[in-house]
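Structure, as structure tokens:
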Amino acid sequence: MSLELYHNPRCSKSREAKALLEKENKEFSVRLYLNDSPSKNELKNLVKKLGIPAEDLIRKKEKVFLAQSKRKDLSDEEAINLMYENPILIERPIVIKDNKAVIGRPIDNIIALLK
């Protein structure tokens, strides 16, 4: 089993997810996605693993989204491009386990993934 955490240390929910993985003694890699931004292909694969429309991975209250997006509905390609250009828009935390992933809001999503 391979675990990866998309992590932003400034986010309390992201720190909570990291603490949970550590408490459960899980081996995992940490991707500081703001410093090591995912490629467009990685974002497409992430959306597929999450099983959600790409737009649902966007943090819509971020200033950069509010400033750039005039539309309420984005195509998957538009959403991927927007997150690629502005990784701050990627919802966090995300835990990836093999071919599945969850957004760790609420933390119960991560607990269910680990079972």
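Keep in mind that this is a model prediction, so the values were computed, not measured.
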* Asked: If only atom types and distance count, is the side chain of Asn86 paired as donor or acceptor with the main-chain N or O of Ile88 below 3.5 Å?
  -> no
* Distance from Leu3 atom CG to Ile110 atom CD1, nearest 0.5 Å? -> 10.0 Å
Validation: residues 41-53 side-chain donor-acceptor distances under 3.5 Å, sequence neighbours left out:
{"unit_1": "Glu42", "atom_1": "OE1", "unit_2": "Arg31", "atom_2": "NH2", "d": "3.1"}
{"unit_1": "Glu42", "atom_1": "OE1", "unit_2": "Ser39", "atom_2": "N", "d": "2.7"}
{"unit_1": "Glu42", "atom_1": "OE1", "unit_2": "Ser39", "atom_2": "OG", "d": "3.4"}
{"unit_1": "Glu42", "atom_1": "OE2", "unit_2": "Arg31", "atom_2": "NH1", "d": "3.1"}
{"unit_1": "Asn45", "atom_1": "ND2", "unit_2": "Asn41", "atom_2": "O", "d": "3.4"}
{"unit_1": "Lys49", "atom_1": "NZ", "unit_2": "Asp98", "atom_2": "O", "d": "3.4"}

* Minimum-distance pair of heavy atoms, taken over all atoms of Leu66 and Lys61 -> CD1-O, 3.7 Å
* Structure fact -> Residues at least two apart in sequence or cross-chain that pass salt bridge (charged side-chain N to carboxylate O under 4.0 Å, His left out) with Glu16, listed by chain then number, are Lys13
* **Minimum side-chain heavy-atom gap Asn81-Lys40 below 4.5 Å** => yes
* May I ask you to decide if Val102's main-chain N or O and Asn109's side chain share a donor-acceptor pair within less than 3.5 Å? => no
* Structure fact -> Result for side chain to side chain contact (heavy atoms under 4.5 Å, CB included) between Glu55 and one of Met83, Glu78, Lys60 points to Lys60
* Distance, nearest 0.5 Å, that separates CD1 of Ile58 from CG of Leu74 -> 5.0 Å
* Check the pair Val64 / Leu82 against side chain to side chain contact (heavy atoms under 4.5 Å, CB included), numbers first and verdict last. => CA-CA 10 Å; Val64 68; Leu82 195 56; over 6 Å; no
* To do: Show the numbers, then the answer: is there a side chain to side chain contact (heavy atoms under 4.5 Å, CB included) between Phe28 and Val30?
  => CA-CA 7 Å; Phe28 63 98; Val30 174; 3.5 Å; yes
* Shortest non-hydrogen contact between Leu32 and Pro9, atoms and distance -> CD2-CD, 3.8 Å
* Structure fact -> Only residue of Arg105, Arg92, His7 satisfying side-chain hydrogen bond (donor to acceptor under 3.5 Å, both in side chains) with Ser14 is His7
* pair Tyr6-Ile103: side-chain heavy atoms closer than 4.5 Å -> no
